[in-house]
Amino acid sequence: MRRSDPLEAPARELAMAAGLDPEARIPNPDKPGKTMPVWTQFRDAARDARRDAARAREAEIMASQPETYRDAPLTVFGAHESGTVDQMRNCLRVGNTVAATLCADGHLGYAQPVGGVIAYEGQVSISGVGFDIGCGNLAVRLDMPAARIRDDVPDILTGIRRTISFGIGRANAARVEHEVLDDDEAWHASGMGDYRQKAAAQLGTVGSGNHYVDLFEDEAGLVWIGVHFGSRGLGHTSATRYLKAAGGRDGMHVPPTVVDEASELGQRYLAAMELAGRYAYAGREWVVERVRAIVGGAVTDSVHNHHNYAWKERHGDRDLWVVRKGATPAFPGQRGFVGGSMGDDAVILEGLESDASRAALYSTIHGAGRVTSRKEAHRRFTRDQMHDWLRERGVQLSGGDVDESPMAYRRLPEVLAAQGDTVRVLHRLRPFAVAMAGAGEFDPFKD
């Protein structure tokens, strides 16, 4: 069966416009003695026309921004590649933008940088929230001394992998019961009822990439359980569906897709976002409770936050939708859990009141931030280097791959320092056990 060519239809139209039969055969210059249909000669022209049309649409979108919202201020923390800052500035040329910030862990993302925060008036960005709606972190402190379980770490990791599903399209062996699955009104309002059965099967799965289940030790020698993942296929399918419905495009270098909150489409998208956010919270809570049962002990503290989401917030005298893509809410006194890499300390932090905090839209980093792409990490680093790093720091790893090695990330203390007086660290958490999807376990639902 011949593979579908997305340029075939427009190339055929160009051939007919030139007065030629698209199916007529002509010599193939790359294969002497062979022929090819006439329309194939017009593939390059069709590609150019598609590119030019996309650029024209993008220019039209940016030119339609109301004058009131042009030149919104952008506050940048830390040093970034010029392309990341340019991508952020392009985002500010679309929609009712009021202010924005780029956190110190930022890097290029789909349409909007990871680590980018944008405040809109009366609008929300589907691209800004991203595909892994509600991705976030949960950390809980146990009354269990880390020293008591140190010798049991290999068995604990085995138990985690036996209980928790990692990797592509995975489903848990037993259905997870949660009220979010039974909220008929929410599923109807979101337009995602047809995904409900799959969502039920995937609730509590972790996925792959930089998603993890970790055990940490704090300054007092106590165990913390930390997890990082989002809404799995529910969020990805919701974002894909509403991005298409709004006429948006997927990709790095495209304008963000923004919808009016009061429109029918905006209301349905917000309902889908809220459902995916609840689903992500439920999944993280389920996973942490399963791990707590394996480790033992009781929960004495908990810190839980999304970092891919949109919140309706009051800033100054305006109610704004603040879209955080890979950024942690950090209002004064609000705590957040921020991880480093599999071989670096994580932190529990809280937001502070300051001029810089206001400019940051009360937002901070969600991690250390990548310094290499996944492909580049595989080219530059080896598994031996990764394991040497972990061994030196006393970290036992189950799963994981070189693209998630510590060398592929910035150092978290430096990134935190770049955020200035917007946050302060309450606890430093040193990892000693890390469970992630293994090499080759690709996950289509991560962002």
Side-chain H-bond candidate by donor/acceptor type, [X] with [Y], under 3.5 Å:
X	Y	value
Thr205	Arg232	yes
His306	Arg284	yes
Thr97	Gln65	yes
Arg290	Thr163	no
Tyr269	Glu261	no

[atom2] on [Y] to [atom1] on [X], rounded to 0.5 Å:
X	Y	atom1	atom2	value
Ser125	Asn96	OG	CG	12.0 Å
Leu215	Ile225	CG	CD1	6.5 Å
Ile348	Leu426	CD1	CG	8.0 Å
Ser238	Ile126	OG	CD1	10.5 Å
Trp311	Leu320	CH2	CG	14.5 Å
Cys91	Tyr120	SG	OH	6.0 Å

Any donor-acceptor pair under 3.5 Å linking the side chain of [X] with the backbone of [Y]?
X	Y	value
His427	Ala346	no
Ser357	Leu352	yes
Asp143	Ala298	yes
Asn137	Phe337	yes
His228	Asn210	yes
Asp218	Ala220	yes

Only residue of Glu81, Glu376, Glu404 satisfying salt bridge (charged side-chain N to carboxylate O under 4.0 Å, His left out) with Arg370 is Glu404
Check [Y] with [X], please: is the shortest side-chain N to carboxylate O separation under 4.0 Å?
X	Y	answer
Arg162	Asp155	no
Lys375	Asp403	no
Arg410	Asp105	no

With a 6.0 Å cut-off (strictly less than), is the heavy-atom count around [atom1] of [X], excluding the residue itself, greater than 12?
X	atom1	answer
Arg89	CZ	no
His315	NE2	yes
Asp71	CG	no
Arg428	CZ	no
Arg424	CZ	no
Lys244	NZ	no

Which atom names give the shortest non-hydrogen contact between Leu412 and Asp345, and what distance separates them? CD2-O, 3.3 Å
Closest heavy-atom contact between Ala146 and Phe432? CB-CE2, 4.2 Å
Centre of Tyr242's six-membered ring, under 6.0 Å away, within 45 degrees of the axis: is that where NZ or CZ of Arg268 sits? no
Note, Ile164 side chain near Trp286 side chain (heavy atom, < 4.5 Å): yes
Run Arg430 and Glu219 through salt bridge (charged side-chain N to carboxylate O under 4.0 Å, His left out) and show every step you take. CA-CA 9 Å; Arg430 189 171 185 83; Glu219 309 91 335; over 6 Å; no
Ser127 and its side chain to side chain contact (heavy atoms under 4.5 Å, CB included) partner, picked from Val258, Thr257, Val254, Val323: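 Result for side chain to side chain contact (heavy atoms under 4.5 Å, CB included) with Ser127: Thr257.
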